[in-house]
Amino acid sequence: MAEAPFGLLAELTHRCPLQCGYCSNPVELVRRNAELDTESWRRVFDQARSLGALQIHLSGGEPLLRPDLPELVTHANSLGCYVNLVTSGVGLSRDRLRDLASHGVDHVQLSLQDATREGNDRIAGIKAFDRKVEAAAYIRDEGLPLTVNTVLHRQNLDNIAGIIAMAEEMGAERLELANTQYYGWALRNRAVLLPTREQLAVADPIVAAAQERLRGRMEIVYVIADYHEAHPKPCMYGWGVRQLTVAPNGDVLPCPAATVISSLEIENVRDSSLHEIWHNSPSFNAFRGFEWMKDPCRSCPRKEIDFGGCRCQAFQLTGDAANTDPVCSLSPSRSTVDLILETEMTPAEVPAMAMRKMT
Ligand code: SF4
Ligand code: FES
């Protein structure tokens with residue numbers, strides 16, 4: 001029997017005031033009329049808690065767009081869960097934050113697109129920078145722990161020092177600098193987003209120096225640009241191991257991007273319990289453990305470190321989710337990634353960013 005998940009990622013809605021082209025949400029976003037209602041989310045939280053989850057991440061899209069957010073926070077809190085609000089900060093007034101904190105929000109993760117107003121608002125597609133600065137001040141004044149999350153790519157990587165300084169100024173306890181993962185909208189925009197080797201060579205030591213300088217004050221988590229690496233990331237720390245995601249329409253996903261694997265039969269909370277899905281569904285069991293692996297992963301000593309990389313990436317780039325992640329230098333498909341780097345990293349003509357929009 002699989003061990004209990006640590007946490008539930010509850011994607012309350014795909015609606016969002018921002019239009020970031022690096023978003024890993026699916027290109028086909030779930031519309032408002034297909035979202036789970038309040039009662040269904042309460043049931044999902046109950047089931048996640050009885051499954052063993054202790055953290056509930058309220059995410060999206062923008063969870064502040066759900067009018068029932070205070071009620072959902074209260075319910076998650078009443079179950080004894082640690083409640084993390086993942087937000088763009090747009091729509092977070094001082095009163096709203098105070099109210100959410102009184103209902104039981106324990107932590108806020110605030111996105112920041114870039115270090116400057118111009119850069120941030122260009123990437124977000126709307127004027128959001130000032131709202132974020134204000135939101136950070138409200139969070140700090142309320143005494144809630146703050147994580148700032150910046151997704152890195154070719155458009156903002158040169159400003160990494162400014163992004164770190166901005167997070168310090170905002171009073172963040174934690175800064176996540178996550179190189180873009182290419183799923184959903186980000187995959188569509190890969191040729192605009194892929195960083196160059198030169199950019200990474202400059203950014204990496206800046207991050208390392210800041211990690212050292214800020215040790216004990218602000219933790220900096222740096223997620224690598226995996227296309228440029230010889231080994232893949234240990235995606236999700238293994239399939240169906242630590243976390244489960246419930247999409248706005250109730251689909252239950254072993255990883256937030258799992259809808260890209262079109263061969264995977266996705267279950268829904270409207271038809272089955274989280275307990276049943278976590279333990280017994282074909283989707284959650286498809287890549288658990290090591291039995292499903294083919295060579296070179298099957299006979300590779302690194303399989304216990306990286307679990308063969310990312311199933312979604314393997315599917316997207318090779319057509320079979322059970323293949324070795326083609327980022328790996330041992331993968332027979334590594335040349336696919338090399339070709340992408342060659343052609344898309346510095347394309348002769350840079351395409352326009354497709355902004356994330358519900359159509
Ligand atoms: Fe990881 Fe598989 Fe590559 Fe080995 S062969 S390093 S397990 S992805
Ligand atoms: Fe789905 Fe890596 S993003 S397994």
Side-chain angles (χ1 to χ4, degrees), residues 2 5-9 11 22-28 57 59 86 149 151-153 176 178-190 193 221 223-247 251-267 277-278 281-338 340:
F6 293 157
L8 165 73
L9 178 67
E11 292 182 342
Y22 63 70
C23 184
S24 60
N25 281 164
V27 173
E28 285 297 321
H57 307 276
S59 174
V86 183
N149 175 285
V151 176
L152 299 172
H153 43 76
E176 289 178 2
N179 272 285
T180 303
Q181 309 295 312
Y182 297 101
Y183 317 105
W185 287 86
L187 182 67
R188 179 185 265 201
N189 285 310
R190 191 174 56 194
L193 297 170
V221 179
V223 179
I224 56 168
D226 63 346
Y227 278 42
H228 288 271
E229 298 287 323
H231 296 300
K233 58 192 181 246
C235 202
M236 302 301 296
Y237 297 97
W239 185 266
V241 172
R242 291 194 173 186
Q243 186 170 286
L244 73 166
T245 297
V246 177
D251 280 352
V252 187
L253 308 170
C255 95
T259 50
V260 306
I261 308 178
S262 55
S263 55
L264 207 64
E265 202 183 310
I266 303 286
E267 320 261 343
I277 297 169
W278 175 262
S281 69
S283 57
F284 274 76
N285 283 306
F287 309 112
R288 272 196 175 125
F290 302 105
E291 280 310 303
W292 58 272
M293 284 182 175
K294 308 182 202 176
D295 273 327
C297 293
R298 180 175 271 271
S299 51
C300 177
R302 281 187 60 91
K303 69 181 177 200
E304 304 208 9
I305 300 171
D306 64 27
F307 316 104
C310 174
R311 295 310 89 225
C312 297
Q313 192 143 275
F315 183 83
Q316 287 183 153
L317 300 185
T318 75
D320 183 349
N323 279 342
T324 296
D325 185 335
V327 156
C328 179
S329 54
L330 301 174
S331 159
S333 302
R334 172 67 214 194
S335 57
T336 307
V337 175
D338 290 333
I340 292 167

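In each ligand, atom 1 is the first atom listed, and ligand 1 is the first ligand listed. All figures in this text were calculated on a predicted structure; none of them were measured in a lab.
Shown here for A286 and L264, the closest heavy-atom pair between the two residues is CB-CD1, 4.2 Å.
Within a 6.0 Å sphere centred on CZ of F290, heavy atoms belonging to other residues, nucleotides or ligands number more than 12.
For ligand 2, the atoms lying closer than 4.0 Å to a non-hydrogen atom of C235 are 2 (Fe), 3 (S), 4 (S). For ligand 2, the atoms lying closer than 4.0 Å to a non-hydrogen atom of Y183 are 2 (Fe), 3 (S).
Between I305 and H231, every side-chain heavy-atom pair lies at or beyond the 4.5 Å cut-off. Residues Y227 and N179 have side chains not in contact (no heavy-atom distance under 4.5 Å, counting atoms from C-beta outward).
Of the inter-residue distances, the one linking W292 atom CH2 with W239 atom CH2 reads 9.5 Å to the nearest 0.5 angstrom. In this structure, CD on E229 lies 11.5 Å from CG on D325, to the nearest 0.5 angstrom.
The side chain of C255, and not its backbone, has at least one atom closer than 4.0 Å to an atom of ligand 2 (non-hydrogen atoms only; side chain from C-beta on).
With sequence neighbours left out, the ring-ring contact (aromatic ring centres under 6.0 Å, His included) criterion links Y183 to no other residue.
For atom 4 (S) of ligand 2, the closest non-hydrogen atom of the protein is R311 N, 3.5 Å.
When distances to atom 1 (Fe) of ligand 2 are checked against a cut-off of 2.8 Å, C310 contributes no N, O or S atom below that limit.
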Assess the residue pair K233 and D306 against the criterion (side-chain contact (heavy atoms from CB on, under 4.5 Å)); give the C-alpha distance rounded to whole Å, side-chain angles, the decisive distance to 0.1 Å, and a yes or no.
CA-CA 6 Å; K233 58 192 181 246; D306 64 27; over 6 Å; no
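Excluding waters, the set of protein N/O/S atoms under 2.8 Å from atom 3 (Fe) of ligand 1 reads C328 SG.
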